[in-house]
Amino acid sequence: MSKIISSLALALMILLLGTGCSTETSISNVVEYEDFQKEFKLKSEVEEWLDLWECSDLRIYGKILVAIDFKRERIFHVYNLETKKLIGSFGRFGNGPNEYSRAPKFTSVYSYEGIDLIIQIYDHNRKTLQNINLTKSIEDGYVSETSKIKFPDISATYSFMLNDSMVFDRDSSILLIRNPLTGELTYNHEAVHLPQSLPEKHEKIARYMYLEKAPNIDTIVSSFNIIKRLHIYNTKGELLKVIKEPGEHIFNTGKRDIYENNLIHFTRTFLSEKYILVLNQNRIIGEGTSGELLLFDYEGNALCKYELDCYIYFGGVDWESKRFYTQDIVGGSMVSFALPGIAD
């Protein structure tokens, strides 16, 4: 009888331990990074041929660099990275059709229709994801829209659409796949486990994540607002891998604003078919170090850490020449960094 009771007690203990596990234990492929294989101190190089006054975002598509400058008469400026010359500019400030009253943002999605390059942007004010024929827009001098999706509850600046019936978004740390044609929502995996109790507002901020689609492969990467953590998904929404800082995600909540005590964070990711480059820096420009770029592969290997010599918010990578283009936020110049240590 005592053996039966002991067996029942053991089974109950296992059950209770199992129900108390965080979502980390349900993900079989979690990689914690700490030391990088190589470390470099990078020196920025001024790119005077990028004649931009106040750049707010840029993307690189092969050998084409597209930048947004909301202080110029035209908003979008397209450059050839091989010739280092301006190809053309288009788009205007305003409230008319295909005009913008706020600076839009590029999504990570692009495609080709024949020889025409189709890029995608997010329009904040209209809450619209918009596909633009870049080639035709340069020829015409104004935005040539090929398709768009608008719905009132779009929630993330870094949402993107793969087609008219598949929009990737997020609800806190949960990946969503939306079908705007039917209104159907698909929730994928559980929310990220936080070991401490946080006020609702702080918890929402801690779980806020940004989405990027990798070019030419069936892969999506999310980075987080405060947590040093990356999620790798396929386009079915399946969580394939987690790359994260060691241990539990613990926050200092001594002040009313959770940002004030958690300043260092992953700001953006930049993806290729092989690599994930992450901008890790201070939220407050001019305070502390200028930040760093961290290079991982999709297996979670921590490959390179690049220490920057200026503050940046955004950028784009020419993976062929292994060069990162951005703007020095303090100095105002358009600059680039050579990225050593990346295998072909």
Side-chain angles (χ1 to χ4, degrees), residues 50-61 64-79 86-113 116-171 176 178-183 185 208 210-213 225 267-268 285 312-316 325-327 329 332 334:
L50 286 173
D51 184 21
L52 300 165
W53 295 355
E54 191 172 313
C55 185
S56 62
D57 199 11
L58 69 83
R59 290 275 176 172
I60 291 175
Y61 311 95
I64 300 296
L65 183 151
V66 187
I68 294 174
D69 188 339
F70 218 56
K71 297 297 183 181
R72 305 287 293 272
E73 181 182 358
R74 302 292 177 93
I75 295 173
F76 298 94
H77 305 271
V78 186
Y79 294 86
L86 178 70
I87 298 173
S89 301
F90 64 94
R92 293 183 180 277
F93 172 84
N95 293 305
N98 290 331
E99 295 180 338
Y100 305 92
S101 57
R102 286 178 60 190
K105 284 278 188 183
F106 296 113
T107 80
S108 50
V109 173
Y110 69 97
S111 60
Y112 287 90
E113 292 183 0
D116 289 359
L117 175 58
I118 310 300
I119 66 171
Q120 189 176 109
I121 64 167
Y122 174 75
D123 183 346
H124 298 269
N125 279 8
R126 294 186 176 95
K127 296 183 178 180
T128 301
L129 287 166
Q130 183 181 32
N131 285 333
I132 293 172
N133 186 318
L134 188 69
T135 309
K136 194 170 188 306
S137 296
I138 295 169
E139 293 174 355
D140 297 341
Y142 57 83
V143 173
S144 177
E145 178 186 285
T146 63
S147 63
K148 66 180 177 183
I149 292 177
K150 178 180 179 179
F151 42 101
D153 60 343
I154 191 166
S155 57
T157 301
Y158 298 104
S159 300
F160 60 86
M161 60 176 169
L162 289 186
N163 53 57
D164 290 347
S165 62
M166 184 175 285
V167 174
F168 288 85
D169 196 356
R170 58 100 187 99
D171 181 0
L176 301 181
R178 300 173 178 267
N179 185 335
L181 302 179
T182 65
L185 283 177
Y208 193 102
Y210 305 95
L211 304 176
E212 293 278 332
K213 169 69 173 64
N225 199 27
T267 307
R268 292 283 291 272
I285 299 300
I312 66 176
Y313 274 146
F314 54 84
Y325 290 86
T326 184
Q327 183 176 40
I329 297 301
M334 299 302 297

Close side-chain approach of S108 and F160, heavy atoms under 4.5 Å: yes
Identify the two heavy atoms, one from R74 and one from G141, that lie closest to each other, and give their separation to 0.1 Å. NH1-O, 3.0 Å
Once rounded to the nearest 0.5 Å, what's the spacing between atom CG of L65 and atom CG of L58? 5.0 Å
Could you give me the CA-CA distance, side-chain angles and deciding distance for L185 and R178, then say whether side-chain contact (heavy atoms from CB on, under 4.5 Å) is met? CA-CA 5 Å; L185 283 177; R178 300 173 178 267; 3.2 Å; yes
Member of K150, K148, E145 meeting the side-chain hydrogen bond (donor to acceptor under 3.5 Å, both in side chains) criterion with Q130: E145
Rounded to the nearest 0.5 Å, what separates atom CG in L86 from atom NE2 in H77? 8.0 Å
Heavy-atom count check: over 12 atoms from other residues, nucleotides or ligands less than 6.0 Å from Y142 OH? no
Between I149 and V167, is the side-chain contact (heavy atoms from CB on, under 4.5 Å) condition met? List the steps. CA-CA 9 Å; I149 292 177; V167 174; 3.8 Å; yes
Testing the basics here: between T107 and S159, what is the closest heavy-atom pair and its distance to 0.1 Å? CG2-O, 3.5 Å
Contacts of F76 meeting ring-ring contact (aromatic ring centres under 6.0 Å, His included) (sequence neighbours excluded), chain-then-number -> F90, Y100
Taking the side chain as everything from C-beta on, heavy atoms only, tell me whether Y79 gets closer than 4.5 Å to L50. yes
Is the Lys NZ or Arg CZ of R102 less than 6.0 Å from the centre of F70's six-membered ring, within 45° of the axis? no
Do the rings of Y61 and Y110 sit parallel, tilted or perpendicular, given the 30° and 60° boundaries? perpendicular
Interatomic spacing from CD1 in I121 to NZ in K105 - rounded to 0.5 Å: 12.0 Å
Nearest heavy-atom contact between Q327 and I312 is O-CG2, 3.5 Å
Can you name the closest pair of heavy atoms from C55 and A67 and give their distance? SG-CB, 4.0 Å
Report yes if some heavy atom in the side chain of E54 is under 4.5 Å from a heavy atom in the side chain of D69; otherwise report no. yes
Mind checking whether I87 and I64 have side chains closer than 4.5 Å, heavy atoms only? yes
Tell me, with the steps shown, if K213 and F168 meet side-chain contact (heavy atoms from CB on, under 4.5 Å). CA-CA 9 Å; K213 169 69 173 64; F168 288 85; over 6 Å; no
Rounded to the nearest 0.5 Å, what separation is found between the OG atom of S89 and the CD1 atom of I138? 8.5 Å
Distance col, row L211:CG vs R170:CZ, nearest 0.5 angstrom, shows 7.5 Å
So, taking the atom named NE2 in H124 and the one named OG in S101, what distance separates them when rounded to the nearest 0.5 Å? 10.0 Å
Determine the minimum heavy-atom distance between L52 and M334, stating which atoms define it. CD1-CE, 3.8 Å
Passes side-chain contact (heavy atoms from CB on, under 4.5 Å), T135 versus E113? Steps please. CA-CA 10 Å; T135 309; E113 292 183 0; over 6 Å; no
Looking at side-chain heavy atoms only, is the closest gap between F314 and R268 below 4.5 Å? yes
Might you point out which heavy atoms bring I118 and N133 nearest each other, and give the distance in Å? CD1-CA, 3.6 Å
Using a 4.5 Å cut-off on heavy atoms from C-beta on, say whether the side chain of D116 contacts that of E139. no
Heavy-atom side-chain proximity of M161 to S147 below 4.5 angstrom: yes
